[in-house]
Amino acid sequence: MDRLQDIKSYAASLGLVHTKNELEELIHEAENAEAGYATFLCEVLGSEIRYRQNKARERRIKEAGFPYKKYLKDFDLSFCQSITKKQLNQLSELTWIDGIYNLILSGPPGVGKTHLAIALAFHACEEGYKVSYTTMQSLMQVLRTQEIDRRSRAKMNRIRKSNLLVVDEVGYLPITATEGNLFFQLISELQEQTSIIITTNKGFEEWAEFLDDVALATAILDRLSYRCDRIQMSGKSYRLENRKSFLQKGAERNEIS
Ligand code: ADP
Ligand code: MG
């Protein structure tokens, strides 16, 4: 039927990708449901919008650059005693991103800093916020090379346009004076426009040490802390508590031999 072809080419001209690709199915469903004209048109336009929103959501998640996915629903509050259910609910509501607040998650390895940071950032992506994830190490590399490397420049442009930036693993590796200054410039630049989640294994008093500069550490922490909540995550390492092993137990080995 060339009507269908006409509709498809109109849809293509209007950029209605979903309508073009699913036209037969949409018509088939409307016929089965004996839908009226208004219902049918509403369904066509509605499904096009849902398709676009899904696509945009997937793109936001892909471009955020998560190393893996973590979810808020899997974050076990009975294991992590440093956050109350009420606080986690407040964080999940994401109004702090609208208010451009920062969040510093500090504590030793394995207590769930990265899990919580990624889960919040992933949730923000789903809710329509633009998010960028990076480790401190990779951020330093990108900042150093943004003038000469197109990919670094693209990454920095994305960071600058994000509603939320996650900088994971701050303080694990020492950084040079130049890198420290570039980091300070970035934090200053983002302070009125982007929320930042920092995860760190260092207490504030140790920042001077890994930055090797007291004045710079004070300046960075001053900027970050202005509108900020800090969660000191303590306790046991989830990794060590839930260690998975592959070797057979000693007793079983004795039984075999
Ligand atoms: P950190 O970044 O503090 O070193 P991670 O967030 O990487 O620790 O956590 C280590 C592992 O333990 C991850 O697989 C994470 O999903 C898990 N984990 C840590 N804390 C929790 C928690 N409270 N509930 C569920 N899983 C957790
Ligand atoms: Mg981590």
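These values consider heavy atoms only, across backbone and side chains, with no hydrogens, waters or symmetry-generated copies. Read the numbers this way: they start at 1 and go in the same order the structure lists the ligands and their atoms.
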Q: Would you mind running through ligand 1 and noting each atom that sits below 4.0 Å from a heavy atom of F75?
A: 22 (C), 23 (N), 24 (N)
**Q.** Atom indices of ligand 1, in the order listed, that fall short of 4.0 Å to a heavy atom of P109
**A.** 4 (O)
Measure the distance from [atom] to every protein heavy atom, then report the residue, atom name and distance (to 0.1 Å) of the closest one.
atom: atom 22 (C) of ligand 1; answer: D76 N, 3.6 Å
atom: atom 2 (O) of ligand 1; answer: T114 OG1, 2.8 Å
atom: atom 6 (O) of ligand 1; answer: H115 N, 2.8 Å
atom: atom 19 (C) of ligand 1; answer: Y238 CB, 3.2 Å

Examine [X] against ligand 1 and note whether any of their N/O atoms are separated by less than 3.5 Å.
X: K113; value: yes
X: G112; value: yes
X: G110; value: yes
X: V111; value: yes
X: Y172; value: no

Q: Run the salt-bridge test on R50 and E43 with the 4.0 Å N-O cut-off and return the result as yes or no.
A: yes
Q. Salt bridge check: are R57 and E127 linked by an N-O gap of less than 4.0 Å?
A. no
(Q) In the structure I gave you, are the side-chain heavy atoms of Y101 and C228 within less than 4.5 Å of one another anywhere? (A) no
**Q.** 4.5 Å side-chain heavy-atom contact, L116 and T199
**A.** no
Q) Looking only at heavy atoms, which two atoms of A124 and V131 are closest? And how far apart? A) CB-CG2, 3.9 Å
Q: Kindly indicate, with the supporting measurements, whether the criterion side chain to side chain donor-acceptor pair (under 3.5 Å) is fulfilled by D168 and T114.
A: CA-CA 7 Å; D168 202 3; T114 301; 3.0 Å; yes
(Q) When you group the ILVMFWY residues by side-chain heavy-atom contacts below 4.5 Å and let the links chain together, are L186 and Y133 in the same group? (A) no
Q: Could you please spell out the steps behind the salt bridge (charged side-chain N to carboxylate O under 4.0 Å, His left out) verdict for E48 and R52?
A: CA-CA 6 Å; E48 182 72 41; R52 284 188 189 186; 3.5 Å; yes
Q. So does T199 have any N/O/S atom less than 2.8 Å away from the Mg ion (ligand 2)?
A. no
Q. Picking from Y71, F122, F75, Y238, what satisfies ring-ring contact (aromatic ring centres under 6.0 Å, His included) with H115?
A. F75
Q.
Please state which option from R239, Q81, K70 has its nearest heavy atom closest to atom 14 (O) of ligand 1.
A. K70
Q) Should D74 be listed as contacting ligand 1, given a heavy-atom distance under 4.0 Å as the test? A) yes
